[in-house]
Amino acid sequence: MSPSKIPPLTYKVVAECSVSKARAGLMTLRHSEVDTPVFMPVGTQGTLKGVLPDQLIEMNCQILLGNTYHLGMRPGIETLRRAGGLHSFMGWPRAILTDSGGFQMVSLLQLAEIDEHGVKFRSPFDNSECMLTPEHSIQIQNAIGADIMMQLDDVVKTTTTGPRVEEAMERTIRWVDRCIEAHARDDDQSLFPIVQGGLETPLRERCVSALIERRVRGFAVGGLSGGESKDDFWRMVHVCTDRLPRDKPRYLMGVGFAADLVVCVALGIDMFDCVFPTRTARFGCALVDRGQLNLKQQKYKHDMQPIDKECECSTCLRYTRSYLHHIATNESVSCSLLSVHNVAYQLRLMRGMREAVHRNEFPQFVRDFMARHFEGEPLPTWIREALAAVHIELPPDIVDEQAAAQS
Amino acid sequence: MKFVINKQISRDSGRLGQLLIQRGEGAGQLQLRTPLLMQTTKGGSIPYLSGNVFEYVSKEQQPLLLQLTLSTMDQMAESLLQYPSGLSAYVGYPGYPNVLLFRDPCETTPSGGNDRDVVPLYTRHGKGSITAQRYMELMDSFAPDLYQGLCDADTNADSSKKRVQKSVDRTERFMDYCYEQHGKLDRLSKSTLLAPIVGGYSTYARTQSIKHARQQPANSFGGYVLEGFHTNGLSATHLEASKLLPIVKHCVTELDDEKPRMMCGAYTPLMILELVRLGVDMFDTSYAYCAAVNYKALTFNFELNDENGCPKQTPFLDITDDTLKEDFRPLVANCSCLACQKHTRAYVHHLYKTNELLGPILLMVHNLHHYMAFFETIHKSMASDKLSELAKLLNADSTADYSIAKNVKVINKAGMGKGFVSATN
Ligand SMILES: [Zn+2]
């Protein structure tokens, strides 16, 4: 069926950090090559908020995320099929990853119920009762035609404890087999299973052991970044990457704050996604190493610098903080301008990490980044511990020195 | 600024000319061809488009005159005093010449609030009142290349004789002050003042307003802005030619020929052709914007070499139309704009349904491209004396309606999401 014998996803580790678990890789998909570690901007409804595909290509964005739940609702799978898939429908020639729709349903729809069959919910459009099964999720994702698709998983709130967590983990494993069975385009699209198991190490370990038995080309780590403590968060990531095979890409779902990205790359994650950069843009916020600038604040009214002097995005080359202060949240073009900058920021951060791994200078990159990010503030303990777990030591006095220098 | 007329065959054939705008010392001058299409902006930006995206649209089309408006930029005055590189660079268009107007031609200006000493300034923050003194202080802060003088332009075809007379009298008072200050203010030493001509639809009042301007020393202002025909926004698309054209014709015969004449607002393409024919030199892109915000793609045909006799004219494609759901054609066949080259009607319709920002962005990209190409054709047809053929083409279909109505269609949520449901069958 496929024109070529080459699998729709190949991944190779190109360089490894000699200290931590960080690695730089090259993932080759049907629509694009993707340099990892990679941040995938979220284009929920077949568009990244106010940004043209050509602009994303100019920024060297190689892969976007689309949301199956939204796309299944609008334009719907029949339209997507007739358009020849999402790439063609939205005019995006590069790679796409889709989620399964399950997470969106459970988080957006209060009435969703899960049983062995699938996720039952009411349509927000006509209130009719619908059921999303693993098979349906795959059917929709096959119509969307993304390069990478996600299995439907049994999603529980991250902070859930007790037997429900184990049940969800076991069911996720049963569902991955149904997804693999239903997958009709394995020559073009790669299906990732999702590691579940809440915040319990033994469950995560069992889940990974079961999933690596399946014939898949990469893995996602799910069920994190949902309000659990940072301490639990990094330990779960660490447990998973310790056991996932080295020669396949690892995708940590829903993570995208800069410090989290740096820590999780050190822990051996290759792929990330998050709506935060584009969402915060709508409120007039611009990402910088120090965190974010809320450009609506009066102090930027006469600030004639670009958002970030180091940034080469089309927004920073052309506009001052002062101008952006005046139009942020007032003119809709500000949303486009800040989305462009924020996505460019995420992509640049990832590129910096890839290059540091290539030069085998990743630990120094992490130390420099943390010094800039937490300038004058104490470094959170979880970051110190997470990095220590992969042998990256942060100077304990760095904070005090900085603070002293400030005062 | 200088204005040169290159070609005028007869009084009714319009005039091809050039605006020459001097850039700083040694930087030479920019030549802008007239009839000129100014780029309408909001808050200094081309609506919905970043400078980066606008340059995808305008690649071959420089230089362009930015039309900035005080009603969308008043908050920036103080910042501009601290910015060294000038107004256009501040809004992201370094190197572009600019003209600063009072009102936003894209939105309807509310009526009322004028009196002897103040003109109401409607902004995002509501209504303010501007005296002539405050106005000139603001102009001094903005230091635009061109700017209009302060006027009471709150008139339209329905205004009473008394109201029209007031607008003329008040404008004279404001302008006496503007003329006086224009020569004194430091930051305006390189700026060109445009004299507002008001007087509604009264020939008597228009004559009086023109006389006041022409009494000034010839070098005290560089051009005319014909104001007071409509209240901006969609109102400009609904004007009656039989009312507007005679009064514009009256004005043009009384204005001196050596100065350019500007008319702002969303006049329909047909009206633009008639105004060009009468000798109006400067227009803006607010029509392209007004169509885009109402989810209409411009589709009117202005290709003179079409041999199909009397082609049907469809001025717009209504993007909210559900029949576009699976229409995978470009907005306009053979259009070379980025929206048409890379996207489909179905996709833009989807962006409308999902209320995504990229929808108006793509519509603006196409509409600006279409409208700029229309002006290109105007130039060409004037150069070959074919302006009336172009008007005939746009008029070929008497049922074609170029006016723009507010699109009140609300997103009808019922019936959506069927695709998802069918996936579960
Ligand atoms: Zn087009």
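Note that these values count all heavy atoms, side chains included, but never hydrogens, waters or copies made by symmetry.
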Item checked: Check: A:Tyr323 side chain, B:Ala89 main-chain N or O, donor-acceptor pair, under 3.5 Å ->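 Not a single qualifying donor-acceptor pair exists.
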Inter-residue atom distance [X].[atom1] - [Y].[atom2], 0.5 Å rounding:
| X | Y | atom1 | atom2 | result |
| --- | --- | --- | --- | --- |
| A:Glu331 | B:Thr41 | CD | OG1 | 8.5 Å |
| B:Leu357 | A:Leu48 | CG | CG | 10.5 Å |
| A:Ser322 | B:Gln82 | OG | CD | 8.0 Å |
| B:Leu80 | A:His302 | CG | NE2 | 10.0 Å |

Near [X] [atom1], under 6.0 Å, is it more than 12 heavy atoms from other residues, nucleotides or ligands?
| X | atom1 | result |
| --- | --- | --- |
| A:Phe103 | CZ | no |
| B:Asp322 | CG | yes |
| A:Lys296 | NZ | yes |
| A:Asp115 | CG | yes |
| B:Arg187 | CZ | yes |
| A:Glu181 | CD | no |

Quick one: are [X] and [Y] in side-chain contact, heavy atoms under 4.5 Å?
| X | Y | answer |
| --- | --- | --- |
| B:His343 | A:Phe89 | no |
| B:Ser50 | A:Thr315 | no |
| B:Asn52 | A:Val340 | no |
| B:Lys353 | A:Gln45 | no |
| B:Ile361 | A:Ser336 | yes |
| B:Thr354 | A:Arg74 | yes |
| A:Pro75 | B:Tyr347 | no |

Checklist line | Top contributor to chain A contacts, counting heavy-atom pairs under 4.5 Å, from B:Thr344, B:Val91, B:Leu81 | finding: B:Val91
Notebook entry, point to check: If you count heavy-atom pairs under 4.5 Å with chain A, which of B:Arg124, B:Met73, B:His349 comes out on top?
Noted result: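 Greatest number of close heavy-atom pairs with chain A: B:Arg124.
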Give the member of [options] that has the highest number of heavy-atom pairs under 4.5 Å with chain B.
| options | result |
| --- | --- |
| A:Met90, A:Lys49, A:Glu58 | A:Met90 |
| A:Thr320, A:Ile327, A:Asp54, A:Asp303 | A:Asp54 |
| A:Thr79, A:Thr44, A:Leu80 | A:Thr79 |
| A:Leu337, A:Asn330, A:Leu324 | A:Asn330 |

Next item on the list: Walk me through it: do A:Arg81 and B:Glu326 pass the test salt bridge (Lys or Arg N to Asp or Glu O under 4.0 Å)?
Entry: CA-CA 10 Å; A:Arg81 260 187 207 134; B:Glu326 295 188 357; over 6 Å; no
Check: Charged N to carboxylate O under 4.0 angstrom, A:Glu78 versus B:Lys325?
Finding: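 Salt bridge flag = no for B:Lys325 with A:Glu78.
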Check: With a 4.5 angstrom heavy-atom cut-off, which part of A:Thr47 approaches chain B: side chain, backbone, both or neither?
Finding: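 For A:Thr47, heavy atoms of backbone and side chain both lie under 4.5 Å from chain B.
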Notebook entry, point to check: Which answer fits A:Pro93, side chain, backbone, both or neither, if we ask what part of it has an atom under 4.5 Å from a heavy atom of chain B?
Noted result: neither
Check: For B:Ser79 and A:Lys301, does a side-chain donor sit closer than 3.5 Å to a side-chain acceptor?
Finding: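 Judged by distance alone, the side chains do not pair up.
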Next item on the list: Would you name the heavy atoms of A:Tyr319 and B:Gly92 that are closest together and state the gap between them?
Entry: CE2-CA, 3.6 Å
Note to self: Counting only non-hydrogen atoms closer than 4.5 Å, does B:Glu356 touch chain A with its backbone (N, CA, C, O), its side chain (CB onward), both, or neither?
What the structure shows: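 Just the side chain, heavy atoms under 4.5 Å.
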Item checked: Residue among A:Val51, A:Leu52, A:Val333 satisfying side chain to side chain contact (heavy atoms under 4.5 Å, CB included) with B:Val53 -> A:Leu52
Check: Between A:Arg318 and B:Glu55, is a side chain to side chain contact (heavy atoms under 4.5 Å, CB included) present by the stated rule, with each step listed?
Finding: CA-CA 12 Å; A:Arg318 210 182 258 267; B:Glu55 286 183 353; 2.9 Å; yes
